[in-house]
Amino acid sequence: MLIKRLIMSVPAITDVLTGKHPVGEPITVQGWIRTRRDSKAGISFLAIHDGSCFDPIQAVVPNDLENYQDDVLKLTTGSSVKVTGTLVESQGKGQSFEIQATHVEVLGLVEDPDTYPMAAKRHSIEYLREQAHLRPRTNIGGAVTRVRNTLAQAVHRFMHEKGYYWISTPLITGSDCEGAGEMFRVSTLDLENLPRDDKGSIDYKEDFFGKETFLTVSGQLNVETYCCALSKVYTFGPTFRAENSNTSRHLAEFWMVEPEIAFADLGDAATLAEEMLRYVFKAVLDERADDMQFFQQRVDKTVIERLESVINSEFVRMDYTDAIEILQNCGKKFENPVSWGVDLNSEHERYLAEEHVGGPVVLQNYPKDIKSFYMRLNDDGKTVAAMDILAPGIGEIVGGSQREERLDVLDQRLEEMGLDKEDYGWYRDLRRYGTVPHSGFGLGFERLVAYATGIANVRDVIPFPRTPKSAAF
RNA sequence: UCCCCUGUAGCUCAGUUGGUUAGAGCGGUGGACUGUUAAUCCAUGUGUCGUCUGUUCAAAUCAGACCAGGGGAGCCA
């Protein structure tokens with residue numbers, strides 16, 4: 001009975017390689033071939049991966065299996081197999097366990113090995129991007145996917161342990177006043193035959209929702225409502241920006257973590273962000289040591305020590321005003337001159353994070369004129385309680401603020417920025433009905449994955465990247 | 001969107017001062033060898049030279065436009 005169950009069950013390769021399967025017992029694994037090596041000693045070696053861990057398992061296949069000539073010798077990189085045999089301690093170096101195969105069932109061959117896009121060799125990361133459907137089968141694709149998963153699970157776990165509720169804010173929004181960037185229109189109107197009103201304008205009353213709708217650029221405004229009821233909340237979902245951004249740091253569809261904390265000031269938000277980064281990086285180092293080893297070797301020789309340094313050190317916090325002074329006095333020539341009031345450019349942010357601090361830095365209290373209407377005005381009347389966390393190599397990874405909870409000040413800010421109060425009805429209600437100080441931030445999830453893996457381009461850390469002129473797959 | 005660079009075999013790239021048959025490594029295939037480790041050794045095939053238009057007797061090579069990719073900038077997460 002026990003034996004039968006072992007034969008029937010198909011363990012994940014990670015469990016087999018970590019010693020969770022008894023040696024000497026029957027075993028079956030399923031997966032894809034990474035490499036096949038033939039030995040004239042009368043055996044072939046199959047390296048089989050199933051995505052459950054970085055390393056493939058080795059199956060030793062004797063050439064007296066009845067389908068050796070017809071099937072086994074046809075296996076090439078990418079073929080899928082079901083291998084049955086006995087788990088044994090490996091005679092060779094490089095792995096502790098291997099499978100002495102008694103049956104090899106070919107599930108699917110590669111129809112033309114000559115043109116299979118994924119050779120058992122190094123491919124450029126740009127090429128892999130064009131093969132997004134096969135990319136997850138590669139070492140790097142699998143490793144990124146597992147680390148991304150660990151980060152996402154760790155975010156949820158961290159928030160849960162801290163008593164935060166996950167709020168599913170809508171992806172379709174009716175307000176075009178979110179103000180964080182260009183939006184994608186959501187419509188079921190026939191573009192070839194648009195309905196018109198009396199004035200000849202497009203009649204959105206005829207559209208699906210009876211009004212103009214868009215994909216959200218941020219869940220923040222919506223999640224503030226739940227914050228002002230459940231106190232500690234966050235959103236974690238996709239957001240969409242129709243900006244024509246062509247950089248290694250931008251996607252048209254990306255994921256964002258947005259905590260929102262009631263009864264909290266800017267410092268509380270920065271502390272939460274810092275604790276979260278520590279927590280999730282520690283999870284990655286603990287749970288994905290195999291994948292991180294790979295990134296360290298092949299992608300970025302300093303990733304692991306970088307994550308360790310984030311885990312073990314306090315983030316430097318710096319006021320915008322002090323940062324300006326540092327930039328002005330550092331003796332470095334910048335393309336864009338620095339003076340109080342200007343928005344910092346990449347070169348400035350990079351100098352602060354990479355050279356001046358040498359690690360993540362929390363920049364806070366920016367001039368109000370370069371920030372959003374909802375950020376809380378400081379007592380100086382010139383700055384707002386906003387913060388960005390700048391990470392070396394990536395730039396802005398977190399952007400947050402204390403929200404303006406005073407209705408009169410909020411209204412004045414709306415007016416200053418030429419925004420219509422009427423458009424912010426329910427948002428203003430939060431300030432009219434039991435307003436509380438609250439703060440929050442947005443963490444770009446792909447930037448987080450990029451930072452954690454050392455991969456330079458966010459297009460390589462999301463399964464199917466959407467960027468201007470590109471929505472393949 | 002702006003500036004710069006790139007686009008040649010399945011992949012990574014070399015080359016062509018315009019002129020008969022376009023090269024290498026890797027991968028694939030065949031063989032040798034080996035409890036092998038993206039093995040090693042020998043042999044071997046492969047190309048609308050990104051697309052379109054133009055200049056020319058002749059364009060993969062020159063010019064223009066377009067498309068795609070990369071780096072940087074802006075927007076931001």
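Here is the naming used below: chain letters follow the sequence lines, and residue numbers restart at 1 for every chain.
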Discussion item. Parallel, tilted or perpendicular, judged at 30° and 60°: which one describes the rings of W255(A) and F236(A)?
Written reply: perpendicular
Discussion item. In terms of relative ring orientation, are Y234(A) and H156(A) parallel, tilted or perpendicular, with 30° and 60° separating the classes?
Written reply: tilted
Quick one: label [X] by what it contacts on the DNA or RNA (base, sugar-phosphate, nothing), any heavy atom closer than 4.0 Å.
{"X": "F254(A)", "value": "base"}
{"X": "R34(A)", "value": "nothing"}
{"X": "H123(A)", "value": "sugar-phosphate"}
{"X": "L251(A)", "value": "base"}
{"X": "T77(A)", "value": "nothing"}

Worksheet item: Does a side-chain N-to-carboxylate-O contact under 4.0 Å join E404(A) and K368(A)?
Response: no
What is the base-pairing partner of [N], counting Watson-Crick and G-U wobble geometry with both distances under 3.5 Å?
{"N": "G7(B)", "answer": "C67(B)"}
{"N": "U56(B)", "answer": "none"}
{"N": "C2(B)", "answer": "G72(B)"}

Discussion item. Would R306(A) and Y451(A) count as a cation-pi pair here, with the cationic atom under 6.0 angstrom from the ring centre and within 45° of the axis?
Written reply: yes
Worksheet item: Any side-chain donor-acceptor pair under 3.5 Å between Q364(A) and Y320(A)?
Response: no
Produce the list of close N/O pairs, under 3.5 Å, pairing protein atoms with atoms of nucleotides 6-8 of chain B; give distances to one decimal.
none

Discussion item. Quick check against the 3.5 Å criterion: does S39(A) have a side-chain atom that pairs as donor or acceptor with the backbone of S44(A)?
Written reply: no
Discussion item. Determine whether M387(A) and V398(A) satisfy the following criterion, side-chain contact (heavy atoms from CB on, under 4.5 Å), listing intermediate values before the conclusion.
Written reply: CA-CA 8 Å; M387(A) 62 112 180; V398(A) 165; 4.0 Å; yes
Practice prompt. Verify the ring-centre separation between Y427(A) and Y374(A): is it less than 6.0 angstrom?
Written response: no
Discussion item. Less than 6.0 angstrom separating the ring centers of F254(A) and F240(A), yes or no?
Written reply: no
Discussion item. Generate the contact string for nucleotides 29-38 of chain B. Rules: B means base contact, S means sugar-phosphate contact only, - means no protein heavy atom under 4.0 Å.
Written reply: S---BBBBBB
Practice prompt. Output the single nucleotide from U1(B), U12(B), C76(B) whose closest atom is nearest the side chain of H250(A).
Written response: C76(B)
Item to complete: Rounded to the nearest angstrom, tell me the gap between atom CD in E349(A) and atom P in C76(B).
Response: 10 Å
Discussion item. Here's a test of your reading of the structure: between R459(A) and D388(A), which maps to the more 5' nucleotide of RNA chain B?
Written reply: R459(A)
Worksheet item: Would you say S346(A) reaches G74(B)'s phosphate, i.e. side-chain N/O to OP1/OP2 under 4.0 Å?
Response: yes
Worksheet item: OP1 or OP2 of G74(B) sitting under 4.0 Å from any side-chain N/O of N345(A)?
Response: yes
Discussion item. With hydrogens left out and only the distance checked, is there a donor-acceptor pair under 3.5 Å joining S245(A)'s side chain and the base of C75(B)?
Written reply: yes
